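Notes follow once the structure below has been shown.
This is a predicted model, so every value here is computed, not measured. Every heavy atom of this structure was used, including side-chain atoms; hydrogens, water molecules and symmetry mates were not. Order of the sequence lines sets the chain letters (A, B, ...), proteins ahead of strands, with each chain counted from 1.
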Amino acid sequence: MTPDTVTPDTVTLAAGASAADSAQPYAELGLRADEYARIREILGRRPTATELAMYAVMWSEHCSYKSSKVHLRQFAATAPDTGVLLVGMGENAGVVDVGEGLAVTFKVESHNHPSYVEPYQGAATGVGGIVRDILTMGARPVAVMDSLRFGPADAPDTARVLPGVVAGVGGYGNCLGLPNIGGEVAFDPSYAGNPLVNALCVGVMPANRIQRSAATGVGNAVVLLGAKTGRDGIGGVSVLASATFDAAGQPAKRPSVQVGDPFTEKIVTECCLELFGRGLVVGIQDLGGAGLTCASTETAAAGRSGMRVALETVPLREASMEPLEVLTSESQERMLAVVTPAALPDVLAVSRRWGVLATKIGEVTDTGRLEITWHGELVVDVPPASLADDGPVYSRPTARPADLYALQADDPADLARPTTGAELRANLLRLVSSPNLCSRRWVTEQYDRYVQGNTVLAMPADAGVLRLSEETGLGIALATDGNGRYARLDPYAGAQLALAEAYRNVATTGARPIAATNCLNFGSPEDPDVMWQFAEATRGLAEGCRALGTPITGGNVSFYNSTGVTAINPTPVVGVLGVFDDVARRNPLDFGLVGEVILLLGETRPEFGGSEWAWALHGHLGGCPPAVDLYAERMLAEVLVAGSRDGMISAAHDLSDGGLAQALVESCLAGGIGARIVLPADLDPFVALFAESTARAIVSVPRSEELRFTEMCAARDYSCARIGVVVGDTLDVQDAFDIRLDELRAAFEGTLPRLFGGVVSSTPAGTPDSRASA
Amino acid sequence: MDANQWLDEVLWQGEFVELTAWAEPGRPSDCRRLDAGRRVFDSLASVRPALEVARMSARVGVVTFPGSLDDRDAQRAIRLAGGTPVALWHGDADLGDVQAVVLPGGFSYGDYLRCGAIARFSPVMGAVIDAAAGGLPVLGICNGFQVLCESHLLPGALVRNAGLHFVCRDQGLVVESSRTVWTSAYDEGARIVVPLKSGEGRYVADARTLDALQAEGRVVFRYAEGNPNGSLRDIAGIANEAGTVVGLMPHPEHAVEDLTGPGDEGLGVFVSVLSSLLAVA
């Protein structure tokens with residue numbers, strides 16, 4: 001935002017008329033010449049500086065989805081009709097019926113660029129933003145998850161970004177009282193200049209209390225709730241989120257990052273929930289990207305109404321703010337409510353009780369125009385739908401990346417493989433201590449997973465599991481997954497693999513998967529290679545959701561994730577929601593009972609393209625990702641859900657990155673009990689241990705249930721092999737190697753503290769130091 | 001020997017037969033819970049029948065400050081222990097007819113000044129401070145402990161963790177004293193596991209205070225198996241001289257059910273106060 005856009009002579013309509021032909025700085029605001037011409041055509045005149053700024057933010061890639069819209073349409077068009085969707089795509093978040101009169105809403109969203117510029121605040125406000133989206137639907141937020149991707153683990157900049165992001169996710173979520181129940185942390189050079197910070201929030205509400213965002217009812221009051229409006233985050237969506245970083249851009253863009261105040265969000269949340277519970281609001285919308293501009297135009301457009309706003313009534317942090325700054329500020333912790341005049345006194349009283357600032361700033365009209373005045377002078381007079389719904393839509397050119405043939409031809413079959421027991425052992429230890437597979441404890445110990453008292457499973461479980469009803473045990477499971485390397489090799493398959501893994505993770509805990517959300521992280525849409533990746537990934541995801549019966553309920557697109565001209569690996573992150581009739585039936589991942597049988601479900605093939613083994617041992621990325629078999633995924637899910645429901649399984653763990661070896665290590669370490677393993681005779685031990693074939697899981701089954709379980713698998717024609725027994729304090733792979741659990745644990749747990757500091761103090765109790773007096 | 005033979009041999013070794021016999025038919029995942037349950041202090045068994053009587057009478061208040069987070073969890077814990085939870089509002093100086101008060105975890109008023117420093121001046125705390133002087137049992141958990149220290153109901157202070165980061169983990173504790181109204185159901189020296197989740201949980205006080213706490217048996221909980229935050233003398237919780245006011249950083253209200261906590265070993269805190277209220281009544 002350059003200072004000359006704020007010259008007084010162009011702020012009001014009256015003054016603008018006299019300057020009809022002077023040039024306007026649309027390009028600096030991120031608008032193209034044809035987009036600017038279209039604005040003039042819509043208004044039939046020169047826009048005021050304020051209006052121009054509003055169009056710039058609303059027509060930005062971030063708000064308008066102008067490059068992605070044509071591809072996203074297929075999510076709704078081809079969604080499987082499973083009858084659970086109460087609110088589909090297009091609202092702030094989709095809403096799903098989970099039974100017993102309860103509805104669940106969930107969504108994942110990116111805050112990538114702000115988190116690179118200012119890791120703590122970027123990540124914190126990423127959590128805050130998605131929580132308000134969930135609240136806006138009428139739901140009480142009940143948990144968050146975070147899906148994080150950084151540059152190489154040992155890169156100096158990762159040491160700057162990761163600790164700040166983790167502290168920001170934790171600081172905001174912990175203070176808000178939301179348990180963090182899972183997520184991902186991954187490292188790859190392609191994210192070195194552009195980390196991915198995707199946050200998911202899930203909320204619960206009575207199914208009959210869904211809130212709408214439409215501003216309806218002529219004469220109803222428009223009330224701004226929450227924090228005062230300041231100069232933070234101005235232009236966040238257009239300057240920051242809808243452009244790539246240049247080499248020197250980082251500090252200069254710092255003012256575009258918002259600053260979070262979780263305490264205010266907490267009281268705003270409780271205040272809004274009381275307003276919803278008492279039926280005091282007609283419509284509600286959060287203020288996120290593009291701030292008041294977005295909230296006012298979207299609510300007015302959704303209500304097919306008009307709105308008059310007296311902008312000078314907005315409570316400000318700085319009195320000198322200009323109208324366009326007030327309208328585009330992305331100050332956090334604000335909500336816009338539409339309330340009847342009769343309810344207004346009650347709304348103000350509830351707000352006062354919670355200590356939340358509430359101010360009537362305008363009212364709903366029937367003019368079909370959004371009219372904004374500033375101390376009595378008209379500064380904005382636009383049709384709201386022209387900003388909210390009728391932005392530009394581009395069908396951008398696509399091109400299969402030229403290097404993809406060579407990349408796919410570079411098969412990992414030629415890489416040197418371990419053959420002896422000692423080599424297999426060494427490979428396993430290298431993998432479990434590699435940054436992508438090692439323990440995430442350093443991260444997850446900074447997140448409160450207990451608050452609200454309904455967390456049944458959290459990290460490192462396959463999926464987070466929450467209890468919704470203490471009476472019946474009704475509950476949900478949630479997992480997020482993504483794999484940029486797979487998607488780089490084949491974006492269509494990569495998106496399906498992300499979906500399949502999240503689906504499998506949910507089913508592994510025993511929950512029935514019913515819906516999905518997504519966050520699509522890609523490079524610049526102006527690059528045809530990237531646009532091809534995007535088109536392939538969305539097509540794969542839409543077809544995958546149809547095959548698995550999990551409709552996409554909503555999501556988010558993040559473009560311009562590149563540094564200079566180098567795009568990130570295309571990274572579709574998929575979140576899947578599942579339902580339990582009774583969460584007491586959940587399957588934990590830890591082997592808990594000595595003597596139980598370990599069974600391997602699914603077929604193992606020599607698939608190493610994009611694998612963690614090829615990457616961690618050889619720095620290799622090439623070939624094709626593992627084959628997708630969505631029918632097999634459905635069968636596996638049925639086996640796991642039935643096994644859990646009928647009490648046949650005591651532990652289950654999904655097989656994904658790092659293959660069987662990694663899953664065994666995690667299940668042994670989580671339960672503190674070892675295993676004796678006999679690998680299937682028809683498989684090369686290396687393939688059996690490290691291949692990343694899909695639709696696989698391990699389960700531990702009491703011997704009293706083994707026959708019943710294997711017969712159930714046979715009835716479904718699902719491959720089920722007995723591979724071992726839970727016993728001892730070593731991971732013992734017959735005829736190959738054995739490793740004591742303490743050695744495994746040291747390898748698994750040591751990596752992140754070594755890289756990011758042993759900050760989580762664990763001074764042994766009773767040492768002289770800890771007993772020293774102050 | 002082929003793989004299956006080898007496995008069968010391992011499986012049929014006698015020791016496993018005995019262990020797997022624990023499994024209830026059809027509910028294998030529960031046997032681990034059963035196992036955990038058996039480890040839980042048996043002393044609870046003796047007070048449970050008495051709880052049935054206390055259920056209708058014992059009313060325990062839980063204060064909600066703006067920014068309180070574990071208030072509903074504390075209410076659940078009181079309910080599961082057999083009491084009647086009563087919601088108290090920070091702006092209300094009237095405690096009504098409650099027989100004990102819990103100050104829950106969270107970030108009261110955002111804790112932007114010093115943890116608990118603003119909550120200490122709330123109307124409800126004026127009433128709590130007065131009632132505590134008259135012997136009302138008061139428990140401060142995490143942020144509630146910080147509020148108690150700021151209110152001078154307990155000595156010392158809670159400062160930033162030695163490791164500087166927020167720490168959430170299942171924490172081993174030793175119950176050092178069962179002579180408080182909040183720990184009477186435990187055996188002295190009992191080891192329990194309760195979640196710890198705090199960024200400013202490092203207990204500090206001057207040497208004389210620490211010595212006095214020690215000498216008077218007012219150290220109620222100590223960290224076991226590693227000091228997570230640099231607390232002096234591994235102190236996790238302390239009591240006032242009368243043993244009626246207790247503050248601790250770990251969260252017993254998050255260890256009241258096997259399903260949602262590391263076990264139910266925190267329930268004893270709430271059982272304790274309910275049984276002492278019953279004894280008084």
Is there side-chain contact between B/Phe166 and A/Val166, with heavy atoms separated by less than 4.5 Å?
-> no
The interface call for A/Arg467 against chain B, heavy-atom contacts under 4.5 Å, is side chain
Tested for side chain to side chain contact (heavy atoms under 4.5 Å, CB included) against A/Val451, the lone hit among B/His251, B/Lys197, B/Arg72 is B/Lys197
Turns out that what part of B/Asp73 lies under 4.5 Å from chain A's heavy atoms comes down to side chain
Under 4.5 Å to a heavy atom of chain A? For B/Glu257 that would be side chain
When the 4.5 angstrom heavy-atom criterion is applied to B/Asn143 and chain A, the contacting part is neither
Sorted by chain and number, sequence neighbours left out, side-chain hydrogen bond (donor to acceptor under 3.5 Å, both in side chains) with A/Ser469 holds for A/Thr472
Residues at least two apart in sequence or cross-chain that pass side-chain contact (heavy atoms from CB on, under 4.5 Å) with B/Thr64, listed by chain then number, are B/Ser68, B/Asp71, B/Trp89
Could you tell me whether the side chain of B/Leu259 reaches within less than 4.5 Å of the side chain of A/Glu470, counting heavy atoms only? no
Note to self: Quick check: do A/Val456 and B/Thr260 have side-chain heavy atoms less than 4.5 Å from each other?
What the structure shows: yes
Applying a strict 4.5 Å limit to non-hydrogen atoms, the region of A/Asn587 in contact with chain B is neither
message = Parallel, tilted or perpendicular: which one describes the rings of A/Phe263 and B/Tyr112, with boundaries at 30° and 60°?
response = perpendicular
